[in-house]
Amino acid sequence: MKMMGSSRPLTWRTTLFALTVGITSMCVAFYYLFRKDEEEEEDDDIGIGRSQMAVIEVSVPRDVVARFIGRNGENIKQLQSSCKARLRFKDDSGDPSSDEPRVLIIRGSSVHVREAELVVQKALCQMPPVFEEVITVPEWAIGRIIGKGGSTINQLCKNTGAKIKVNSEATVSAEIRQITIRGSKEQIDSAMSKIEEIVETESERRDKQKTSVRPRSLPTSRFPLNSWFNIFVTHVESMEYFWAQLIDSNARELDIFTDEITQFYLKYNQTGNRELSVGDLVATKYTDGDDAFYRGRLLSVNGEMAVVQYLDYGDKVDVEFKDLFPLESHFCSFPFQAVRCRLSGIRVMQNDLGSEPLECVKSLIRCAEWVPVKAKFEKQVGDVYELQVVTQEGVAVADELQQRGFVEKI
């Protein structure tokens, strides 16, 4: 028969728990004892007995803290020496971009603390005023200004002494971003100058990229008005507009070229590039599980997602921004294969047939089926090539759409 209240034998878990709690408590105690001894030694250094010590707190605007402390703490050390009081900022675990003031703790004898407070207030009043300047930069330059993991903008703040904050959202035009710079006039001027240098460098890089990798144009001299040629329709935008590849030697080499790009980016030593900007050329996979990499252009970014247009096919898809890679220059020399086209001589009729007309167009021109259809070049309007299109069965696509009541001839 067991007696009520009898003690249970200690298990190894109970023992381990007790040891852990005991060790933790000892560590905490040693820390506070060490901290206390350290503070007493510092108080002894400035000739203060514990019973005579006074402590006050002074709010210091966050924008002037760095200047108040000085390079390698020179300013605050000099103040501390002259006032015979200890000056230390309270630990700051808040947001670095916050406008909340920092707290300066002054410790020493009552007389020295009051003198130190007056000296500190005088020093703060004599500091140059803090100004604020808001500038605008192109959206495509933001990635370069911020840098990977914020490395560039952090370095700018360190080198100029200014506080630089990039607005998290683009302006109404979606092409311009605001940047707020705070500091002395000299700090603001220095920060603005360095930001302008970054924007100019990025602009030159983009201009060079554009001139060396122009979107492919169909040379009209190869398409006399009365000649027919074969195309693959790769993507249909609407009843009128579609993207196509000319069936020639370049189209046949595209698969080989895509394999080269894929092999390169499968071994790429980065997990994405946060410096990419809208308009940049990129390499990325397709979203249907295809493991191949394709060439594209970054059209927009929304949080962790981006919209990319595949330059050899024409379609636009949503992809994760982390899955985008900068397109290496040696992959830009091969002409882009997709060109934007329009069915010539038609105007779309207004109807309530839903998706039926568009599905009819896709079926007639064999969209993404890699079945050739015949086309005849009519004219070029901007970057759009107006074509007559005839199916393999000899059916004129415009005529068929007219008969079904989807379009009218013009």
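What you see below is based on every heavy atom in this structure, not just the backbone, and it leaves out hydrogens, waters and symmetry mates. These numbers were taken from a predicted model, which means no experiment stands behind them.
Aromatic ring orientation, Tyr265 versus Phe331: tilted (interplanar angle from 30° to 60°). Ring geometry, Tyr385 versus Phe377: the interplanar angle falls from 30° to 60°, so the pair is classed tilted.
Between Phe68 and Val120, some side-chain heavy-atom pair lies under the 4.5 Å cut-off. Here the side chains of Asp259 and Phe264 are not in contact, with every heavy-atom distance at 4.5 Å or above.
No donor-acceptor pair closer than 3.5 Å links the side chain of Ser151 to the backbone N or O of Gly147. The main-chain N or O of Asn75 is never found under 3.5 Å from a side-chain atom of Gln78 such that the two would form a donor-acceptor pair. Between the side chain of Arg297 and the backbone N or O of Val282 there is no donor-acceptor pair closer than 3.5 Å. Under a 3.5 Å cut-off, the side chain of Ser81 and the backbone N or O of Lys77 do not form any donor-acceptor pair. A donor-acceptor contact shorter than 3.5 Å is absent between the side chain of Ser190 and the backbone of Thr160. Between the side chain of Gln380 and the backbone N or O of Glu386 there is no donor-acceptor pair closer than 3.5 Å. At least one donor-acceptor pair under 3.5 Å links the side chain of Gln80 to the backbone N or O of Leu87. Panel note: side chain Asp280, backbone Leu276; no donor-acceptor pair is recorded below 3.5 Å. The backbone N or O of Glu197 lies less than 3.5 Å from a partner atom in the side chain of Thr201, making a donor-acceptor pair.
Residues forming a salt bridge (charged side-chain N to carboxylate O under 4.0 Å, His left out) with Asp315 (at least two apart in sequence, or on another chain): none. For the side-chain contact (heavy atoms from CB on, under 4.5 Å) test, residues two or more places apart in sequence or in another chain that qualify with Glu356 are Leu353, Phe406. By the salt bridge (charged side-chain N to carboxylate O under 4.0 Å, His left out) test, Glu328 is found to be paired with no residue, residues two or more places apart in sequence or in another chain being considered. Remark: Tyr310 engages Tyr286 in a ring-ring contact (aromatic ring centres under 6.0 Å, His included) (not counting sequence neighbours). For Lys158, the salt bridge (charged side-chain N to carboxylate O under 4.0 Å, His left out) test picks out no residue, with sequence neighbours left out. For Val65, the side-chain contact (heavy atoms from CB on, under 4.5 Å) criterion is met by Val60, Ile69, Phe89, Arg102, not counting sequence neighbours. For the side-chain contact (heavy atoms from CB on, under 4.5 Å) test, residues two or more places apart in sequence or in another chain that qualify with Ala244 are Ile231, Phe242, Cys341. With sequence neighbours excluded, the residues that form a salt bridge (charged side-chain N to carboxylate O under 4.0 Å, His left out) with Glu408 are Arg347. Residues satisfying the side-chain contact (heavy atoms from CB on, under 4.5 Å) criterion with Ser300, sequence neighbours excluded, are Val307.
Here ring pair (Phe, Tyr, Trp, His ring centres under 6.0 Å) pairs that include residues 146-168, with residues two or more places apart or in two chains, number zero. Here salt bridge (Lys or Arg N to Asp or Glu O under 4.0 Å) pairs that include residues 113-134, with residues two or more places apart or in two chains, are Glu132-Arg182.
Under the 3.5 Å distance criterion, with hydrogens and angles disregarded, a donor-acceptor pair is assigned to the side chains of Asn159 and Gln155.
A distance of 9.5 Å separates OG1 in Thr284 from CD in Glu320, rounded to the nearest 0.5 Å. Expressed to the nearest 0.5 Å, how far CG of Asn230 lies from CD of Gln392 amounts to 6.5 Å. Here OG1 of Thr136 is found 9.0 Å from CD1 of Ile179. Values are rounded to the nearest 0.5 Å.
Scanning both residues, Ala85 and Ile106, for their nearest heavy atoms gives CB-CG2, 4.1 Å.
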Return a table of donor-acceptor pairs under 3.5 angstrom between the side chains of residues 233-240 and protein atoms on other chains or two or more places apart.
from, atom 1, to, atom 2, distance (Å)
Thr234, OG1, Trp243, O, 3.3
Thr234, OG1, Tyr313, O, 2.6
Glu237, OE1, Arg340, NE, 3.4
Glu237, OE1, Arg340, NH2, 2.9
Glu237, OE2, Trp243, NE1, 2.8
Glu237, OE2, Arg340, NE, 3.0
Ser238, OG, Glu240, N, 3.4
Ser238, OG, Tyr241, N, 3.2
Glu240, OE1, Arg342, NE, 3.2
Glu240, OE1, Arg342, NH2, 2.7

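Just one residue in the list Asp323, Leu324, Asp291 forms a side chain to side chain contact (heavy atoms under 4.5 Å, CB included) with Lys285, and that residue is Asp291. For the side-chain hydrogen bond (donor to acceptor under 3.5 Å, both in side chains) with Asp312, the qualifying choice from Gln337, Gln245, Arg295 is Arg295, the only one to do so.
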